[in-house]
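In this chain, numbering begins with 1 at the start of the sequence shown.
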Amino acid sequence: MNEQVRPVMLEQAAQAASRPKQPLLSRRYALEVRQQLAWHWQAVIIGLALLLGLGISAAILVAAGVPAGELLNEFVIMTVFDVQSLTAVLFQASPMILVGLAGCMAFRAKFWNLGLEGQMIWGAIGATAISLFEVGPPVLRLPLMLASAIFCGLLWALAPVLLKLRLKVNEIISTLMLNYLALNFLLHLLYGSWKDPKSSFPYSPQFQSFERLPELFDGISAAVPLAVVVALLALWFLGISRAGLYLRFVDANPRVASAVGVPVQKMIIATVLISGAMAGIAGFLVTAGQEGRLTQSFYQGYGFSGILIAFLARNNPVAALVVALLMAMLFVAGRSLQVFYQIPFSMVQLIQAILVICVASSDFFIRHRIRRVQGGES
């Protein structure tokens, strides 16, 4: 059999070699939609896009005055292998993990929740109200602040999801507009009745010691295990529970899911409320853990980072944990660059935007391929 096939193959190869080569500019190509691409090839394409984004970011930092030889030292060695910096990374990653998972939750339900910052603000307001009005005994103050943050965060997420399901209002617009409403209410409080009476600066009075998240060991704040517990519950909800199975149907095709008996509207409402609650907990972690009071800028950067984390992780909760840690490393290293090289924090946000653009562009190559058209074929 091989002896019969071999002459045919040799003849075809000879014919192909004898054909005149087509000039490069006259070649024709067709853009095709891929039916399916293996997950490892998707990972390779996304990884190459991230490397491209990191390369562009490194070039910008070098042009801004950071020595090229110090980039690896600042972003890896001093951030990961230094105990104090690693503690700061874990501390910074705690709220980022929550906002990233909050974004994954809502996006899985086909609800584009861009109101994470507003839900963080209301979570922090709810926690601060418990402190200012001294609700409950000191031993229960922190749990009550956490419960209030959860309630206020999910309540602020309830309005846009009802507007979408009942009145078909686009959630991108409603959640974004509610961010501004929450911000202005925060400023109204901090420049008004909640202003610190001692300093008259626009932030709330400082929390008492029993109203702040304590340090557990080696400088590790209680915010870290709290974020881990909430993340594990989110992983259980999305990956193991029956609701998570329903949510996969909703994510794949809401109409088909409704046709086979999945309670689509209830799943969307429940998932969005959980997303808002997690953003509210993130607001509690920042105010009771990092700031120690309610400030007018505590939320800045977290909403965009949550959307970025969910996007880079492709709504995968496990990947979101890894991306959140990497984003925290970027934040900590960015602050170090601010101190030693006078790099503005907007440069860190620029790097985030570059990474988003590169990963978004990689989606084109995942979904499409370019095929050369032979001869006059179409």
Side-chain angles (χ1 to χ4, degrees), residues 39-58 74-76 79-80 85-109 112-114 116-117 119-120 223-224 226-239 244 251 271 274-275 278-279 281-282 285-286 299-335 345 347-363 366:
W39 67 268
H40 59 275
W41 284 114
Q42 294 186 33
V44 168
I45 293 174
I46 295 174
L48 291 174
L50 285 174
L51 288 176
L52 176 62
L54 291 174
I56 296 173
S57 303
E74 290 290 342
F75 281 92
V76 179
T79 304
V80 177
S85 296
L86 183 59
T87 302
V89 168
L90 294 176
F91 195 44
Q92 184 70 50
S94 301
M96 284 193 173
I97 288 172
L98 293 181
V99 293
L101 289 174
C104 291
M105 283 273 196
F107 298 163
R108 278 279 188 98
W112 309 112
N113 183 11
L114 304 187
L116 296 173
E117 286 187 352
Q119 292 145 25
M120 279 188 69
V224 176
L226 179 58
V228 171
V229 169
V230 177
L232 290 175
L233 291 175
L235 293 176
W236 171 82
F237 178 83
L238 291 175
D251 185 27
T271 307
I274 294 174
S275 173
M278 295 178 69
I281 297 174
L285 292 185
V286 176
Y299 64 91
Q300 290 183 355
Y302 284 104
F304 180 76
S305 297
I307 297 170
L308 173 59
I309 291 168
F311 182 77
L312 291 178
R314 294 186 172 270
N315 302 333
N316 186 307
V318 177
L321 298 178
V322 178
V323 176
L325 287 172
L326 295 176
M327 293 299 300
M329 290 174 57
L330 177 61
F331 266 68
V332 173
R335 289 172 181 171
F345 186 72
M347 192 74 72
V348 177
Q349 296 175 319
L350 175 63
I351 293 174
Q352 289 181 328
I354 291 172
L355 294 177
V356 170
I357 292 172
C358 290
V359 173
S361 303
S362 71
D363 193 68
I366 291 175

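One distance of note links CG of L101 with CG of N315; it measures 10.5 Å at 0.5 Å rounding. Atom CG of residue L90 and atom CD1 of residue I97 lie 8.0 Å apart, to the nearest 0.5 angstrom. The CD1 atom of I309 sits 10.5 Å away from the CZ atom of F304 when rounded to the nearest 0.5 Å. The CD atom of E117 sits 11.0 Å away from atom OH of Y302, with the distance rounded to the nearest 0.5 Å. The distance from atom OG of S57 to atom CG of L350, rounded to the nearest 0.5 Å, is 7.0 Å.
The nearest pair of heavy atoms linking A279 to M120 is O-CG, 3.2 Å. Smallest separation of non-hydrogen atoms from A310 and G100: CB-O, 3.9 Å. The two residues S94 and A227 come nearest to each other via the heavy atoms O-CB, 3.7 Å. When all heavy atoms of L285 and P95 are compared, the closest pair comes out as CD1-N, 4.2 Å.
Applying the side chain to side chain donor-acceptor pair (under 3.5 Å) rule to T271 yields no partners; only residues at least two apart in sequence or on another chain are considered. For T87, the side chain to side chain contact (heavy atoms under 4.5 Å, CB included) partners are V83, I220, not counting sequence neighbours. Every residue two or more places apart in sequence or in another chain that forms a side chain to side chain contact (heavy atoms under 4.5 Å, CB included) with A106 is listed here: F111, N113, S275. In this structure, the ring pair (Phe, Tyr, Trp, His ring centres under 6.0 Å) partners of F107, at least two apart in sequence or on a different chain, are W112. Annotation: side chain to side chain contact (heavy atoms under 4.5 Å, CB included) contacts of Q42 (sequence neighbours excluded): L37, I366. With sequence neighbours left out, L54 forms a side chain to side chain contact (heavy atoms under 4.5 Å, CB included) with L355. For D363, the salt bridge (Lys or Arg N to Asp or Glu O under 4.0 Å) partners two or more places apart in sequence, or in a different chain, are R314, R367. Applying the side chain to side chain donor-acceptor pair (under 3.5 Å) rule to S305 yields the partners Q352; only residues at least two apart in sequence or on another chain are considered.
Sorted by first and then second residue, the salt bridge (charged side-chain N to carboxylate O under 4.0 Å, His left out) pairs with a member in residues 92-109 form an empty list; sequence neighbours excluded. For residues 315-325, there are no salt bridge (charged side-chain N to carboxylate O under 4.0 Å, His left out) pairs, not counting sequence neighbours. Residue pairs that meet the salt bridge (charged side-chain N to carboxylate O under 4.0 Å, His left out) test with at least one member in residues 349-359, sequence neighbours left out, do not exist here.
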- Message: Is there a side-chain contact (heavy atoms from CB on, under 4.5 Å) between L52 and L48? Walk through the geometry before answering.
- Response: CA-CA 6 Å; L52 176 62; L48 291 174; over 6 Å; no

Can you list, pair by pair, the side-chain donor-acceptor contacts under 3.5 Å of residues 316-331, counting residues two or more places apart and other chains?
unit_1, atom_1, unit_2, atom_2, d
N316, OD1, V318, N, 2.9
N316, OD1, A319, N, 3.2

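Test V286, L116, V230 against L98 for side chain to side chain contact (heavy atoms under 4.5 Å, CB included) and you get one pass: V230.
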